[in-house]
Protein chains: 2
Amino acid sequence: MARRSSSSSEVLLGLLTIQPMSGYDLGQTIRASIGHFWNESYGQIYPNLKKLQAEGLVTSKTERQKGKPDRHIYAITPKGRERLAQWLAVPPQPEVPRNEMLLKLFFGAQVAPAISIGYLERMIAAERPLLDRFQQVQEEIAKNRQYPDAPYWKMAARFGEIELEAHLRWAEESLAELRKLARKAQSPATPPKEKHASH
Amino acid sequence: MARRSSSSSEVLLGLLTIQPMSGYDLGQTIRASIGHFWNESYGQIYPNLKKLQAEGLVTSKTERQKGKPDRHIYAITPKGRERLAQWLAVPPQPEVPRNEMLLKLFFGAQVAPAISIGYLERMIAAERPLLDRFQQVQEEIAKNRQYPDAPYWKMAARFGEIELEAHLRWAEESLAELRKLARKAQSPATPPKEKHASH
DNA sequence: GGGTGCATGTAATGGGTTACATGATTCT
DNA sequence: AGAATCATGTAACCCATTACATGCACCC
């Protein structure tokens, strides 16, 4: 995805406004907080931190550890905050996300309905448990209402919740339709006689 | 986005099951039908078609035109259908889409609320008009109910509709919250006196 | 004893967008 | 007159993931 000038380093700046962190911490934080709409691999994080440091947007200090590699703790500089604010002020371009599951469903007529049904069931099984998480996160944030970040973080979590609910509703609805379709395909033009259908 | 083995050529195979098409047609079709969850640039389409042809998954014939370059019309082969079915049977991996707007909103506390408000307004203005499109598409598909593709295409369109509705609900809700926030920020700890606030 | 987590980093590999090149026709 | 549409294609560039490399500590 060769987005003209990506946001990989800016995310790091943004997260470092919360508190100084190591590359590893940043990875963890990304997964835990913005993981539902943004991902960053370590192969991206570490080199970008070096680049940011070279530009004077972050500073680093080294923490010795026994048995483990040194931790490099990065902190954002005033210049880094400026850069972040600049980037935040640029209107984001609408991007079309690629959804492979939907793509395969779109071509579902080319294979047995059971396959598409399986994908929807998988999706529901994988996503339903996340609903609770989003609600928990919002409650957590609500406890720290005084922080200036709180309302924004809550909106992001709420987005996850609302979108997830929508996806689940869609998946259930589509699942019902596909099952109807699969039944019709099994007994074409046969009135529902039940019991020992075909074999 | 270096997804191990992407689906760029398989989309082309999938669309060619509808009818033989040129690279240009494929680009148009993608935008018109699956554009809300999948995009493909010509820089991707043309080379992939050549690759597919070399593998015997599609054939091409040339149509002469006056004043314009020849049209290369591609058609899927039985081998191509096999490959497509194989790919369709592989369970899609859940992917985390990157949403830059949400990312900027998440860091909204670092800039004036007006900026985030602007992004939400933009988003609503850009996306609301699409709702009608999705409904139209579904009606259109409903007219051709007999085609085996119809139920699957309808589901894809319905996904767009449901997700879009969810996004709009979220955006309106968040907008209201941000406006409240902006008002509070302007008159901190001042009871609502109305009229000629500060200036 | 083996897997998982902590912790950092580099290199290979592959994907994908954008820009460029070309040129006639049709719409504004 | 100039922009947009039709139509194909290539090359440069860059972004991002995955794999690899290293090694201790802790838990089962």
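Labels below follow one simple rule: chain letters A, B, ... track the order of the sequence lines, proteins then strands, and each chain is numbered from 1.
Separating the CD atom of B:Glu10 from the P atom of C:dG16 is a distance of 11 Å, rounded to the nearest angstrom. Whole-Å rounding puts the A:Ile45 CD1 to D:dT17 P distance at 9 Å. Spacing between atom NZ of A:Lys61 and atom P of C:dT8 amounts to 14 Å, rounded to whole angstrom units. Nucleotide C:dC6 holds its C1' atom 18 Å from the CZ atom of A:Arg64, rounded to whole Å. As rounded to whole Å, 16 Å separates atom C1' of C:dT8 from atom CD of A:Gln44. Across the protein-nucleic acid pair, A:Lys51 atom NZ and C:dT10 atom C1' stand 16 Å apart, rounded to whole Å. D:dC15 atom C1' lies 10 Å from atom CD of A:Glu40, rounded to whole Å. In this structure, CG of A:Asn48 is placed 14 Å from C1' of D:dT17, rounded to the nearest angstrom.
Counted by atom type alone, A:Gln136 and A:Arg133 present one or more donor-acceptor pairs between their side chains at under 3.5 Å.
The ring-ring contact (aromatic ring centres under 6.0 Å, His included) check on B:Tyr42 picks up B:Tyr24, B:Tyr46, with sequence neighbours excluded. In this structure, B:Phe37 has no ring-ring contact (aromatic ring centres under 6.0 Å, His included) partners at least two apart in sequence or on a different chain. Annotation: ring-ring contact (aromatic ring centres under 6.0 Å, His included) contacts of A:Trp170 (sequence neighbours excluded): B:Phe159. Residues forming a salt bridge (Lys or Arg N to Asp or Glu O under 4.0 Å) with A:Glu161 (at least two apart in sequence, or on another chain): A:Arg158. Considering only residues two or more places apart in sequence or on other chains, A:Tyr119 meets the ring-ring contact (aromatic ring centres under 6.0 Å, His included) condition with none of them. Applying the salt bridge (Lys or Arg N to Asp or Glu O under 4.0 Å) rule to B:Glu121 yields the partners B:Arg179; only residues at least two apart in sequence or on another chain are considered.
Note on A:Ser6: every side-chain N or O is 4.0 Å or more away from OP1 and OP2 of D:dC14. Listed pair B:Arg98 / D:dC15 fails the phosphate criterion, with no side-chain N or O lying under 4.0 Å from OP1 or OP2. Checking the phosphate oxygens (OP1, OP2) of C:dG15, no side-chain nitrogen or oxygen of B:Ser8 falls inside 4.0 Å.
By the 4.5 Å heavy-atom criterion applied to side chains, B:Met101 and B:Leu120 are counted as neighbours.
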#### Entry: Secondary structure string for DNA chain D (Watson-Crick or G-U under 3.5 angstrom, | for other-strand pairs)
||||||||||||||||||||||||||||
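Residue pairs that meet the side chain to side chain donor-acceptor pair (under 3.5 Å) test with at least one member in residues 75-87 of chain B, sequence neighbours left out, are B:Glu55-B:Arg83.
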### Summary
Readout for nucleotides 6-11 of chain D: B = base within 4.0 Å of protein heavy atom, S = sugar-phosphate only, - = neither; 5' to 3' it is BBBBB-
